[in-house]
Number of protein chains: 2
Amino acid sequence: MTINKELTKGSTALLILSVLSEQEMYGYQMIGEINRRSDNVFKMKEGTLYPILHAMVNDGLLESYDAKSETGRDRKYYRITAAGSLQLKARREEWQVFTGAVNRVIGEEM
Amino acid sequence: MTINKELTKGSTALLILSVLSEQEMYGYQMIGEINRRSDNVFKMKEGTLYPILHAMVNDGLLESYDAKSETGRDRKYYRITAAGSLQLKARREEWQVFTGAVNRVIGEEM
DNA sequence: TTGTTATACCTCGTTTATCTATGCATAGTA
DNA sequence: TACTATGCATAGATAAACGAGGTATAACAA
């Protein structure tokens, strides 16, 4: 099923912070991880991810460092900061509040 | 809690179709109903609702008719059409798929 | 009666997250 | 040698919702 892309707005940061809280990753890897875990409900593109990563570094939520892969290819890895972990906690709560509110309005009490 | 408004994008049509599937309503009433049911997590404004209602009528999802209240005040009531009910069904499914996907990525299996 | 608040509808311009499209470069493979 | 996958990046387009403003009537208090 292809879902309305507007629905995904506002949730992307939550997804990124979530996967990075488990493991440090490089951008291209995050895309694969998020798409795979969602069973391809999400089809995140580079044009979406990279600008968000840069903004998050700028906001102090993430740190990046360069590393070479086994093959010698350059990769830019990201790790979550303490501030990022706080953001994640807040965004998780926000997600619960939001979905709870929608479910109450549409009559799907959880 | 005030939630990030970007999160609500894409879900507004679902909310409107849902409340109208239960009962015919006028615009101002829908706002009160949606805000109240969500415990004010949503604070929908007229500037958001009215253009969407007009678009939905235009798309054949809703029909409107004028009626006077007990006090003699004019109101524009809306009712959902057969096409609107189909849309609602599709959007409910989309909502389930979307929230399921987010929950899998962030590690909150339902 | 005059002012204020709640009800009820409407529109226009702004905001902003994400997407599309495009670019560059390297590694692996057919 | 050409194509595909990997890996990073940016610029412009899109579109949903909001903010701010408008009009008009009803109810109520001063």
Side-chain angles (χ1 to χ4, degrees), chain A residues 2-17 24-36 38 41-59 62 64-78 91 94 98 101-102, chain B residues 2-17 24-36 38 41-59 62 64-78 91 94 98 101-102:
Chain A
T2 304
I3 62 160
N4 172 4
K5 70 183 181 182
E6 292 298 325
L7 217 42
T8 69
K9 291 201 174 173
S11 65
T12 310
L14 170 62
L15 302 181
I16 294 170
L17 291 170
E24 299 180 6
M25 290 188 196
Y26 56 98
Y28 206 77
Q29 183 184 10
M30 281 178 231
I31 289 172
E33 188 66 19
I34 288 172
N35 294 350
R36 188 187 58 74
S38 75
V41 170
F42 300 130
K43 294 163 185 61
M44 190 181 287
K45 304 291 162 49
E46 292 114 304
T48 301
L49 182 68
Y50 291 122
I52 296 177
L53 289 177
H54 302 160
M56 284 180 152
V57 169
N58 208 56
D59 292 345
L62 304 180
S64 75
Y65 59 95
D66 294 315
K68 281 204 184 302
S69 73
E70 323 75 48
T71 62
R73 182 184 271 285
D74 281 337
R75 287 173 179 161
K76 191 180 273 188
Y77 279 82
Y78 293 86
R91 285 193 179 267
E94 189 183 48
F98 168 61
V102 171
Chain B
T2 304
I3 61 158
N4 172 5
K5 70 183 182 185
E6 291 298 326
L7 216 42
T8 69
K9 289 200 174 174
S11 64
T12 311
L14 170 63
L15 303 181
I16 294 170
L17 291 170
E24 299 181 7
M25 289 188 196
Y26 56 98
Y28 206 78
Q29 182 184 10
M30 281 178 230
I31 290 173
E33 188 67 19
I34 289 172
N35 294 350
R36 187 187 59 73
S38 75
V41 170
F42 300 129
K43 295 165 185 60
M44 190 178 288
K45 304 291 162 49
E46 290 116 305
T48 301
L49 182 67
Y50 291 121
I52 296 178
L53 289 177
H54 302 160
M56 285 181 150
V57 169
N58 208 56
D59 291 346
L62 304 181
S64 75
Y65 59 94
D66 294 316
K68 281 206 185 302
S69 73
E70 323 75 49
T71 63
R73 183 183 272 284
D74 281 337
R75 286 172 180 161
K76 190 180 274 189
Y77 279 82
Y78 292 86
R91 285 192 179 268
E94 190 183 47
F98 168 60
V102 170

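All chains are named by letter (A, B, ...) in the order of the sequence lines, taking the proteins before the strands, and each is independently numbered beginning at 1. Everything numeric in this text was worked out from a predicted model, so none of it was measured. All values below come from the heavy atoms of this structure, side chains included, with hydrogens, waters and symmetry mates left out.
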Nearest-angstrom distance from the residue atom [atom1] of [X] to [atom2] of [N]:
X	N	atom1	atom2	result
Asn35(A)	dT6(D)	CG	P	12 Å
Tyr65(A)	dC8(D)	OH	C1'	16 Å
Gln29(A)	dG7(D)	CD	C1'	12 Å
Glu33(A)	dT6(D)	CD	P	14 Å
Leu49(B)	dG19(D)	CG	P	15 Å
Met44(B)	dC18(D)	CE	P	7 Å
Met56(B)	dC10(C)	CE	C1'	18 Å
Leu7(A)	dA16(D)	CG	P	12 Å

Sequence-aligned protein contact record of nucleotides 12-18 of chain C, with B where the base is within under 4.0 Å of a protein heavy atom and S where only the sugar-phosphate is: ----SBS

Validation row: Met44(B), Thr8(B) side chains within 4.5 angstrom (heavy atoms):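 The answer is no; the side chains never approach within 4.5 Å.
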
Test: Lys68(B) and Asp74(B) ion pair at under 4.0 Å: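 Salt bridge: yes.
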
Sequence-distant partners of Glu33(B), salt bridge (charged side-chain N to carboxylate O under 4.0 Å, His left out), two or more places apart: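 Applying salt bridge (charged side-chain N to carboxylate O under 4.0 Å, His left out) to Glu33(B) gives Arg36(B), Arg37(B).
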
Residues in salt bridge (charged side-chain N to carboxylate O under 4.0 Å, His left out) contact with Glu24(A), at least two apart in sequence or another chain: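 Partners of Glu24(A) under the salt bridge (charged side-chain N to carboxylate O under 4.0 Å, His left out) test: Arg79(A).
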
Nearest-neighbour nucleotide for the Lys45(B) side chain, dC8(D), dA8(C), dG19(D) considered: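 So the side chain of Lys45(B) is nearest to dG19(D).
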
Taking only side-chain nitrogens and oxygens of [X], does any of them come within less than 4.0 Å of OP1 or OP2 of [N]?
X	N	result
Tyr26(A)	dC8(D)	no
His54(B)	dC9(C)	no
Tyr50(B)	dC9(C)	yes

Of the non-hydrogen atoms in [X] and [Y], which two are nearest, and what is the gap between them?
X	Y	value
Tyr78(B)	His54(B)	OH-CD2, 3.9 Å
Val102(A)	Leu15(B)	CG1-CD2, 4.1 Å
Met56(B)	Leu17(B)	CE-CG, 3.9 Å
Glu46(B)	Pro51(B)	O-CD, 3.8 Å

Phe98(A) and Phe42(B) aromatic ring geometry - parallel, tilted or perpendicular at 30°/60° bounds: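 Phe42(B) and Phe98(A): perpendicular rings.
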
CA sep, side-chain torsions, deciding dist, call: Gln29(A), Tyr77(A), side chain to side chain contact (heavy atoms under 4.5 Å, CB included): CA-CA 9 Å; Gln29(A) 183 184 10; Tyr77(A) 279 82; 4.3 Å; yes

Residues Leu53(B), Met30(B); criterion side chain to side chain contact (heavy atoms under 4.5 Å, CB included); working and verdict: CA-CA 11 Å; Leu53(B) 289 177; Met30(B) 281 178 230; 3.9 Å; yes

Could you run down the sub-3.5 Å N/O contacts of the protein with nucleotides 2-4 of chain D?
none

Ser69(B): side chain to side chain donor-acceptor pair (under 3.5 Å) partners, not counting sequence neighbours: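 Listed in chain order: Thr71(B).
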
Base of dC9(C) paired with side chain of Glu46(B) (donor-acceptor, under 3.5 Å):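 Result: at least one qualifying N/O pair found.
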
N/O contacts under 3.5 Å, protein versus nucleotides 26-30 of chain C?
from, atom 1, to, atom 2, distance (Å)
dT26(C), O2, Arg73(A), NH2, 2.2
dA27(C), O4', Arg73(A), NH2, 3.3

